[in-house]
Structure formats: C-alpha cells, structure tokens
Amino acid sequence: MISKENILGIAKKTILSESEAIVKLIDYLDENFSKAVEIIFQSKGRLVVTGIGKSAIIGQKMVATFNSTGTPSMFLHAAEAIHGDLGMIQKDDVIICISKSGNSPEIKALIPLLKRDGNPLIGISGNINSALAKGSDYVLNTTVDAEACPINLAPTNSTTAQLVMGDALAICLMEMRDFKAEDFAKYHPGGALGKRLLLRVKDMIAHSQKPIVSPDTAIKKVIFEISEKRLGVTAVIENNKVVGIITDGDIRRMLNDRDTFTDLTAKDIMTKNPKSTSSETMAIDALQILENHSITQLIVIDNEQYKGVLHLHDILKEGIL
C-alpha cells in the first residue's frame with residue numbers, strides 16, 4: 001500500500017512536472033505564434049480545430065474557449081475528416097491541427113487534404129521535425145521533455161502544453177478584439193456566470209412587493225406594512241420622494257426602548273438618507289453595496305422615484321454567488 005505521504009508526493013511531483021513543461025513554452029514562442037494570431041484575427045471565416053486521440057479532446061476545449069471569447073470556431077475530428085467531414089471546411093476558414101508526434105497515420109493523411117484549397121494551416125506539435133510541422137504554414141512548438149506519467153506514455157505534460165498554447169492564442173485574440181465583459185456575457189447567458197454578467201436590479205424587483213408609508217403613518221400601521229410585504233423594511237415616502245426607511249430591526253429596537261408607541265409615527269424612528277441603488281445596477285454590484293454596508297435591503301430609486309426594495313435574499317435566490 002502507498003502511504004498518504006507518498007500519494008501527496010506523487011501528486012506534487014505531477015503538478016510540478018506539468019508546470020515546468022508549461023514554463024518552457026515561453027522559450028518556444030516566436031514569429032510563428034504572432035503570425036498565427038494575426039491570420040486568425042484577419043480571417044473572414046471560422047477557426048477549424050482538428051486532432052485525434054487526446055489531442056482531439058484538447059481541441060474540443062480550445063473550440064469552446066475560442067467560441068466563448070469571440071472567435072467563431074468548430075471542431076473537426078481527424079478520423080472523421082477523411083470520411084466526409086472535410087466538407088465542413090469553407091474557403092475562408094483557418095485550420096489548427098494538433099498532434100504531439102505530428103506523424104500519426106491519420107494526421108499525415110489529412111495534411112495535404114487540409115491544404116488543397118489554400119486554407120492557412122497552423123500546426124501545434126511536440127515534434128518540430130514532424131510531417132505536421134513541415135506541412136504547416138505556421139508551427140507552434142509544444143515540445144515536452146517527458147510526460148508526468150511514470151512510464152512516460154500517458155499524455156499529461158504534452159496535452160497540458162497544447163491546452164495552454166490554445167489559451168495563449170485565445171487571450172491574444174481577445175485583446176486584439178478588445179473583448180469586454182459585456183461581450184462575454186452575450187455568449188454566457190445561462191447559469192450563475194450569465195446571471196453575474198447580465199442580471200440587473202430591475203430584473204429582481206419587477207414582481208416584488210413595494211412597501212410604502214408616509215412620515216405621519218402610525219407605528220402600528222408601519223408594522224403592518226412591513227409584515228404584509230415581507231421584505232423586512234418599508235420606504236418612507238413624502239412628496240413622491242424617499243425620505244427614509246424603517247426596518248424590522250428599527251421596530252425591535254423601538255420596542256426594547258419603549259413601553260408604548262401609540263404616540264410615535266414613522267418619522268420618529270426612520271433612518272434618513274438610506275442606502276439606495278438604481279434599477280439599472282448590475283445585481284453583482286448591488287450585492288457589493290449590501291456587503292460593504294452590512295445591510296440586507298437596498299431602496300431602489302430611479303430619477304428620485306421610488307421603484308421598490310432589493311433584498312439580499314433576492315440575489316441569493318438567483319444563485320449568482
């Protein structure tokens with residue numbers, strides 16, 4: 001049996017081996033890389049990524065990254081390409097072919113077919129003397145000294161190097177396209193990530209209650225309004241403007257300090273100049289305001305008009321944390 005210490009030692013050795021392989025990629029970057037980025041950026045077509053085996057899996061991840069960061073891409077499996085899928089490639093497309101050895105039978109057979117219509121071919125290979133390297137217009141070197149695998153067979157360092165090279169391409173293209181968070185949001189509308197990028201305060205208060213009292217409202221009615229609307233707070237409105245808020249905490253403190261409250265009105269216990277936000281505020285920014293001030297509700301105001309209350313629970317319910 002391998003001890004826990006040995007298990008951790010193997011894991012650390014693997015991570016260190018892969019990290020060292022990645023660092024060495026820096027020395028392999030040359031004019032081929034910059035030209036490859038430029039040819040992809042200038043292309044009027046798509047970026048077609050192909051490979052076989054583990055490289056094909058890396059290629060699929062690259063395509064996902066390119067698509068989500070503004071570079072239209074598609075994956076073409078090298079084995080399927082020679083059985084009809086070559087028809088997916090259009091005249092303006094740029095092609096990336098990934099192969100550690102660059103000499104596998106499928107890749108060698110595919111290279112002349114990929115180039116026959118003049119499409120630019122970018123090879124990502126760990127062998128710069130391979131058929132892929134020699135047949136490519138631009139070669140991105142992902143050579144590794146060895147795999148992290150103890151028998152030096154399972155693709156580990158080599159596939160990590162391929163993945164990192166693909167990420168480097170994608171990030172360069174993002175910079176060239178001046179790709180912003182708003183652009184990223186267009187491609188990620190679903191899930192927690194999409195909500196963080198797209199959800200605004202107005203989306204969460206559109207159908208919520210809107211508690212309102214006037215400064216002269218009796219405390220009994222204030223309590224009733226807070227209880228009925230179930231937001232733990234009510235806005236105090238005078239001349240159509242928010243002049244304060246009363247929270248359930250204000251009510252509790254009042255009850256602790258006084259034996260009777262029949263002579264009190266909303267203006268006697270309200271908090272003036274409450275923290276507020278606009279309905280156009282991003283939900284994630286509204287959350288930051290709540291956290292910074294250690295509060296659970298925000299009054300929503302547009303052009304001095306009261307629009308409602310945003311509660312911390314509204315944000316938590318959306319699952320954007």
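Counting from 1, the numbers follow the sequence of the chain as shown. These numbers come from a predicted model, not from an experiment.
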Can you find a heavy atom in the side chain of L231 that is under 4.5 Å from one in the side chain of Q297?
no
Do L121 and I96 sit in the same hydrophobic cluster, where Ile, Leu, Val, Met, Phe, Trp and Tyr count as joined when their side-chain heavy atoms come under 4.5 Å apart?
no
More than 12 heavy atoms of other residues, nucleotides or ligands under 6.0 Å from NZ of K229: yes or no?
yes
Would you please say whether a donor-acceptor pair under 3.5 Å links the side chains of N141 and T143?
yes
To the nearest 0.5 angstrom, please state how far the OG atom of S276 sits from the CD1 atom of I245.
9.5 Å
Flag yes if L255 and I269 sit in one hydrophobic cluster, no otherwise; membership is Ile, Leu, Val, Met, Phe, Trp, Tyr, and two members link when side-chain heavy atoms are under 4.5 Å apart.
yes
Can we say E225 and K220 salt-bridge, meaning some charged N sits less than 4.0 Å from an Asp/Glu carboxylate O?
no
For the student: nearest non-hydrogen atoms of D93 and M88, plus distance:
OD2-O, 3.9 Å
Would I284 end up clustered with L310 when hydrophobic side chains under 4.5 Å apart are linked, directly or stepwise?
yes
Note, E18 side chain near T156 side chain (heavy atom, < 4.5 Å):
yes
Would you say K275 and I295 make side-chain contact, with heavy atoms under 4.5 Å?
yes
Salt bridge check: are D137 and K115 linked by an N-O gap of less than 4.0 Å?
yes
So, D268 side chain and T265 main chain: donor-acceptor pair closer than 3.5 Å or not?
yes
Please confirm whether the backbone N or O of M254 pairs with a side-chain atom of D257, one donor and one acceptor, at under 3.5 Å?
no
Quick one: does T247's side chain have a donor or acceptor within less than 3.5 Å of a partner on D250's backbone?
yes
Strictly below 4.0 Å, N to O, side chains only: are D263 and R258 in salt-bridge contact?
yes
Exceeds 12 heavy-atom contacts within 6.0 angstrom, atom NE2 of H293
yes
K61 atom NZ, neighbour heavy-atom count above 12 within 6.0 Å:
yes
Do I52 and I98 share a hydrophobic cluster (ILVMFWY, side-chain heavy atoms under 4.5 Å, transitive)?
no
Where does the angle between the aromatic ring planes of H311 and H313 fall among parallel (under 30°), tilted (30 to 60°) and perpendicular (over 60°)?
tilted
salt_bridge(D248, R253) N-O dist < 4.0 Å:
no
Is there a side-chain contact between S55 and Q162, using heavy atoms and a 4.5 Å cut-off?
yes
Under the criterion side-chain contact (heavy atoms from CB on, under 4.5 Å), I'd like the reasoning laid out for V48 against V94: C-alpha separation, chi angles, the key distance, then a yes or no.
CA-CA 6 Å; V48 179; V94 176; over 6 Å; no
Is a side-chain N or O of N157 found less than 3.5 angstrom from the main chain of V144, in a donor-acceptor match?
no
Side chain proximity check, F33 to C172, heavy atoms < 4.5 angstrom
yes
N/O donor-acceptor pair under 3.5 Å between T50 side chain and L76 backbone
yes
Should K267 and D216 count as an ion pair when the cut-off is N to O under 4.0 Å?
yes
Is a side-chain donor or acceptor of S73 paired with a backbone partner of V63 at a separation under 3.5 angstrom?
no
Please confirm whether the backbone N or O of I15 pairs with a side-chain atom of S19, one donor and one acceptor, at under 3.5 Å?
yes
Quick check: does any side chain N or O of N303 sit under 3.5 Å from a backbone N or O of Q305, one acting as donor and the other as acceptor?
no
Close side-chain approach of I299 and V309, heavy atoms under 4.5 Å:
yes
If we ignore hydrogens and angles and just use 3.5 Å, is the side chain of D314 paired with the main-chain N or O of M204 as donor and acceptor?
no
Heavy-atom distance under 4.5 Å between the side chains of C97 and I107, does that happen here?
yes
Cationic tip of K210 above Y306 ring, under 6.0 Å, 45° of axis:
yes
Does a donor on one side chain sit under 3.5 Å from an acceptor on the other, for T217 and S214?
yes
Does the side chain of K100 come within less than 4.5 Å of N127's, by heavy atoms?
no
Whether T160 side chain and S158 backbone form a donor-acceptor pair below 3.5 Å
no
